[in-house]
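Because the structure is predicted, anything quoted here is derived from the model rather than measured. Below, all heavy atoms of this structure are taken into account, side chains as well, without hydrogens, waters or symmetry copies.
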Amino acid sequence: MKYEQIMQLALERGFYFPSCEIYSDAPAGFWEYGPSGASLKNKFIELWRRELVRRDRMWEIDGSQVMSQLVFVASGHLSSFADPVITCQKCKSVFRADKLIAEISSIVIPESADLDQFDRTVSEKAIRCPKCRGNFENAKKFNMMFRVGIGPQDEPAYLRPETCQSIFVDFPRLYKTMRGRLPIGVAQIGKSFRNEISPRQSLLRLREFYQAEIEVFCNPNTLDEMERFSDVENTVLYMMIDDVIKPMTCREAYESKVVPNKLVAYYLGLLMEFYQKTGIDTGRSRFRKLGEKEKAFYASVAFDFEVETTTGWLELVACNYRSDYDLTSHGKVSKEKFEVLDDNVKVLPHVFELSMGIDRSLYTILEHSFREDKENDRVVLSLKPYLAPVHVGILSLVKKDGLAEKTEEIFSKMKTRYDAFLDHSGAIGRRYRRLDEVGAPFAVTVDHQTLQDDTVTIRMRDSMSQERIKIPDLDFYLSRSVSYP
RNA sequence: GCGGAGUUAGUCCAGCCCGGCACGACGUCAGCUUCCCAAGCUGAAGGCCGCGGGUUCAAAUCCCGCACUCCGCACCA
């Protein structure tokens, strides 16, 4: 039920809605953030920046979304990000060629094989459509990357399918100029593009989406010498082992070898502490270790950070130990040198990655914050105050007797320091409820007493309780209440 | 991409079988009233009935095609 309720709230209150919706040719898998959604997203990103980038002294970059073809030759996306598919001539069902052949004939053809190899096997083994027994058309490659043509010659380039390629490509310059030492995190927020076959469920499966990625460059020989580990050693992770979710501290996870090394344990701990501050119920989270078949082609060890929602367990972050896969292949294709000096020893860094889906995280925040308060007949988004799209509503109890003017005076003092919403019209209870629905944690109300003693009431979203404070104290009160933890 | 169900105002929806001014609720706006939790009264705005084509004197309604949304399958870094 909740997915539909969140969707309705998103449409009614300006969180998100379909892109290009007034046109009938609007493609699937593209959504816009309205004012409330954009504000929530910006605040979420700021929290991410504080809790990960600044806390761990990472470098944040902002790379371009269109990248050269050779980048994806090196990364492997041009060959491996494409699936070989075969289509039934009769019922038009589409299958993964390698998977169907393996299933029916037990012949294993690597997915990167030449297409005629699939066609030959299909005809030799007389493989037909499992649904309708029809014959197959020739195998085709379906690449999930969006190709773009550059300049008048239409030179091929691609919209990046993951933001991290910018980070790998930029690493030699960053390391030479920014004076860091291993291990060093490089972070980036930005858009990625994947031509999904069937985008679904609004923000959960998009063709254009936001990622917040962190690539930690590290010395593979010193993965257990992570001094900063003590910062998070007692942080509890919910590790999924043999289908059982087991809470354990970062230290326990490391010592029991559930997590392969200290560096990975440290970053999983940081990630956990970040998510605790988003208001997501981390008691319903798990780190799931991926099996050989599930892992991406570049990963040697991988954990998915998943959170339970009404749509099932949702992957919010992929944590991949990519070893030297990326730097080696970019080194080969570009001839750029990626080795760096670490303690006067030349080393090719390995990469551990935290690849976060922002849109999914925002959906999860909304769902976990959504509350139907039946007793008071209202819907409340109990967002963390620092993430709320509107920090404070500034209301006049009634418009007349100079209260409106006084309210506007307070509003104009607040509006550049907070996300404040001015509202005079309608019943006061209705205005409080509207603010509850966008998650505004506070409402300031100007009443007749305000004109006499310069005080206002401040109303709390979650408890609906009120207290009276002096107008000069308002700024201090709010700045303390809506500041990041 | 396959199968199923849908698409009507900001939101939820009736009408569709059986063709003839598009119903209602909530929400929004303005005014009155009340003055601290969705009260009431008066009024208003808001619809190419998803898009395109066909049948018909006449299409939200019947037929065809397409797009999008949701569910299942498949796919999924």
Side-chain angles (χ1 to χ4, degrees), chain A residues 3-5 7-14 17-31 34 75-77 80-81 83 85-88 90-96 99-100 103 129-132 134 140 142 144-145 161-165 192 194-202 204-207 209 211 213 290 294-299 302 304 311 315 317-320 322 353 355 357 373 375-379 395-401 403 425-437 443 445-449 456-461 464-466 468:
Chain A
Y3 175 82
E4 287 82 6
Q5 292 173 307
M7 193 67 234
Q8 186 174 339
L9 184 72
L11 292 171
E12 281 181 332
R13 295 284 172 224
F17 45 88
S19 176
C20 309
E21 60 179 338
I22 65 167
Y23 285 104
S24 59
D25 67 342
F30 299 90
W31 290 70
S75 73
H77 284 87
S80 302
F81 202 52
D83 293 333
V85 294
I86 44 177
T87 307
C88 171
K90 203 165 134 200
C91 73
K92 301 292 174 197
S93 291
V94 176
F95 299 88
R96 273 282 294 266
K99 295 205 170 170
L100 187 72
E103 206 177 290
C129 174
K131 279 192 185 162
C132 74
K140 281 183 290 202
F142 176 72
M144 303 240 297
M145 281 196 294
E162 52 180 12
T163 56
C164 60
Q165 292 305 325
S192 290
R194 294 179 190 173
N195 199 358
E196 296 281 356
I197 295 173
S198 56
R200 281 285 161 85
Q201 292 179 308
S202 59
L204 304 189
R205 186 98 165 264
L206 295 159
R207 287 185 166 135
F209 58 102
Q211 289 187 300
E213 290 196 299
L290 301 189
E294 267 186 301
K295 287 186 311 199
F297 60 83
Y298 47 68
D304 276 354
T311 66
E315 177 194 340
V317 188
C319 312
N320 297 307
R322 301 173 71 124
E353 153 186 272
S355 173
D373 180 358
E375 195 180 331
N376 296 297
D377 193 22
R378 62 179 190 149
V379 159
L395 318 177
S396 49
L397 187 60
V398 292
K399 260 186 272 193
K400 56 186 183 186
D401 304 334
L403 293 189
S425 66
I428 191 76
R430 178 184 301 281
R431 284 180 276 161
Y432 286 147
R433 272 159 183 74
R434 271 194 296 241
L435 289 166
D436 290 340
E437 287 190 13
T445 305
V446 170
D447 56 18
H448 289 97
Q449 193 182 330
V456 289
T457 63
I458 186 153
R459 179 242 191 207
M460 318 302 156
R461 173 195 65 201
M464 298 172 73
S465 62
Q466 282 177 312
R468 187 163 275 278

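- Judged as a salt bridge (Lys or Arg N to Asp or Glu O under 4.0 Å), and not counting sequence neighbours, the contacts of A:E353 are A:R322.
- For A:Y3, the ring-ring contact (aromatic ring centres under 6.0 Å, His included) partners are A:Y363, not counting sequence neighbours.
- Without hydrogens or angle criteria, A:R459 side chain to A:Q466 main chain gives no donor-acceptor distance under 3.5 Å.
- Distances were taken from every side-chain heavy atom of A:E162 (C-beta onward) to each of B:rA77, B:rC36, B:rU34; the shortest belongs to B:rA77.
- With rounding to whole Å, A:R431 atom CZ is found 15 Å from B:rU34 atom P.
- Nearest approach of A:G426 to A:R431, heavy atoms of both residues: O-NH2, 3.0 Å.
- Smallest separation of non-hydrogen atoms from A:T163 and A:Q211: N-OE1, 3.0 Å.
- A gap of 13 Å separates the C1' atoms of B:rG10 and B:rC29, to the nearest Å.
- In this structure, the nucleotide among B:rC37, B:rA77, B:rC75 sitting nearest to the side chain of A:M464 is B:rC37.
- Straight-line distance from the CG atom of A:L403 to the C1' atom of B:rC36: 12 Å, rounded to whole Å.
- Rounding to whole angstrom units, CD1 of residue A:I428 and P of B:rA39 are separated by 12 Å.
- Residue side chain A:Y23 does not reach the base of B:rC51 through any donor-acceptor N/O pair under 3.5 Å, judged by distance alone.
- Here, B:rC18 and B:rC76 have their C1' atoms 47 Å apart, quoted to the whole Å.
- Between A:R378 atom CZ and B:rC36 atom P there is a gap of 18 Å when expressed in whole angstrom units.
- The distance between atom CD of A:E21 and atom P of B:rG10, rounded to the nearest whole Å, is 9 Å.
- For A:M145, the side-chain contact (heavy atoms from CB on, under 4.5 Å) partners two or more places apart in sequence, or in a different chain, are A:F72, A:H77, A:L78, A:F81, A:N143, A:Y158, A:P161.
- On the P atoms, B:rG20 is 9 Å away from B:rA60, given to the nearest whole Å.
- Judged by closest nucleotide on RNA chain B, A:L11 is the one of A:L11 and A:P161 placed further toward the 5' end.
- Between the P atoms of B:rC26 and B:rG40, the separation comes to 9 Å (whole Å).
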How does RNA chain B look in dot-bracket notation if pairs are Watson-Crick or G-U with both distances under 3.5 Å, crossing ones as [ ], other-strand ones as |? (((((((..(((.......[...))).(((((.......))))).....(((((..]....))))))))))))....
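- A:M7 has its CE atom 16 Å from the C1' atom of B:rC71, to the nearest Å.
- Nucleotide B:rC36 holds its P atom 12 Å from the CD atom of A:Q449, rounded to whole Å.
- Residues satisfying the side-chain contact (heavy atoms from CB on, under 4.5 Å) test with A:N376, not counting sequence neighbours, are A:D373, A:R378, A:R433, A:M464.
- In this view, A:S198 satisfies the side-chain hydrogen bond (donor to acceptor under 3.5 Å, both in side chains) rule with no residue, not counting sequence neighbours.
- Annotation: salt bridge (Lys or Arg N to Asp or Glu O under 4.0 Å) contacts of A:R430 (sequence neighbours excluded): none.
- Between A:M7 and A:S202, some side-chain heavy-atom pair lies under the 4.5 Å cut-off.
- One cannot find a donor-acceptor pair under 3.5 Å joining the base of B:rC75 and the side-chain atoms of A:S198.
- Counting distance only, with no hydrogens placed and no angle test, the side-chain atoms of A:R459 and the base atoms of B:rC36 include no donor-acceptor pair under 3.5 Å.
- When the nucleotides B:rC73, B:rA38, B:rA77 are ranked by their closest atom to the side chain of A:R433, B:rA38 comes out on top.
- With RNA chain B read from its 5' end, the first of the two nearest nucleotides for A:S355 and A:Q8 is the one closest to A:Q8.
- Remark: A:E315 pairs with no residue by the salt bridge (Lys or Arg N to Asp or Glu O under 4.0 Å) rule, at least two apart or across chains.
- Judged as a side-chain contact (heavy atoms from CB on, under 4.5 Å), and not counting sequence neighbours, the contacts of A:F17 are A:L11, A:E21, A:E32.
- Between the side chain of A:Q466 and the base of B:rC36, at least one donor-acceptor pair of N or O atoms lies under 3.5 Å.
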Atom pairs, N/O to N/O, protein against nucleotides 62-69 of chain B, distance under 3.5 Å?
| residue | atom | partner | partner atom | Å |
| --- | --- | --- | --- | --- |
| B:rA67 | O2' | A:S24 | O | 3.0 |
| B:rC68 | OP1 | A:A28 | N | 3.3 |

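- One C1' atom belongs to B:rG24, the other to B:rG47, and the distance between them is 15 Å to the nearest Å.
- Comparing the same atom, P, in B:rC75 and in B:rC62 gives a spacing of 37 Å after rounding to whole Å.
- Rounded to an integer number of Å, the gap from CG of A:L397 to C1' of B:rU34 is 10 Å.
- Annotation: side-chain contact (heavy atoms from CB on, under 4.5 Å) contacts of A:S24 (sequence neighbours excluded): none.
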Provide a list of protein-nucleic acid N or O atom pairs under 3.5 angstrom, restricted to nucleotides 24-31 of chain B.
| residue | atom | partner | partner atom | Å |
| --- | --- | --- | --- | --- |
| B:rG27 | OP1 | A:R430 | NH1 | 2.7 |
| B:rG27 | OP1 | A:R430 | NH2 | 3.4 |
| B:rU28 | OP1 | A:R434 | NH1 | 2.1 |

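- Listed nucleotides: B:rC76, B:rA77, B:rC37. Nearest to the side chain of A:H77: B:rA77.
- Heavy atoms of A:N376 sit nowhere under 4.0 angstrom from any nucleic acid atom.
- Spacing between B:rC51 and B:rU61 at atom P, rounded to whole Å, works out to 11 Å.
- In this structure, A:W31 and A:S19 have side chains that are not in contact, with every pair of non-hydrogen atoms separated by 4.5 Å or more.
- B:rA38 and B:rC2: their C1' atoms are spaced 46 Å apart (whole Å).
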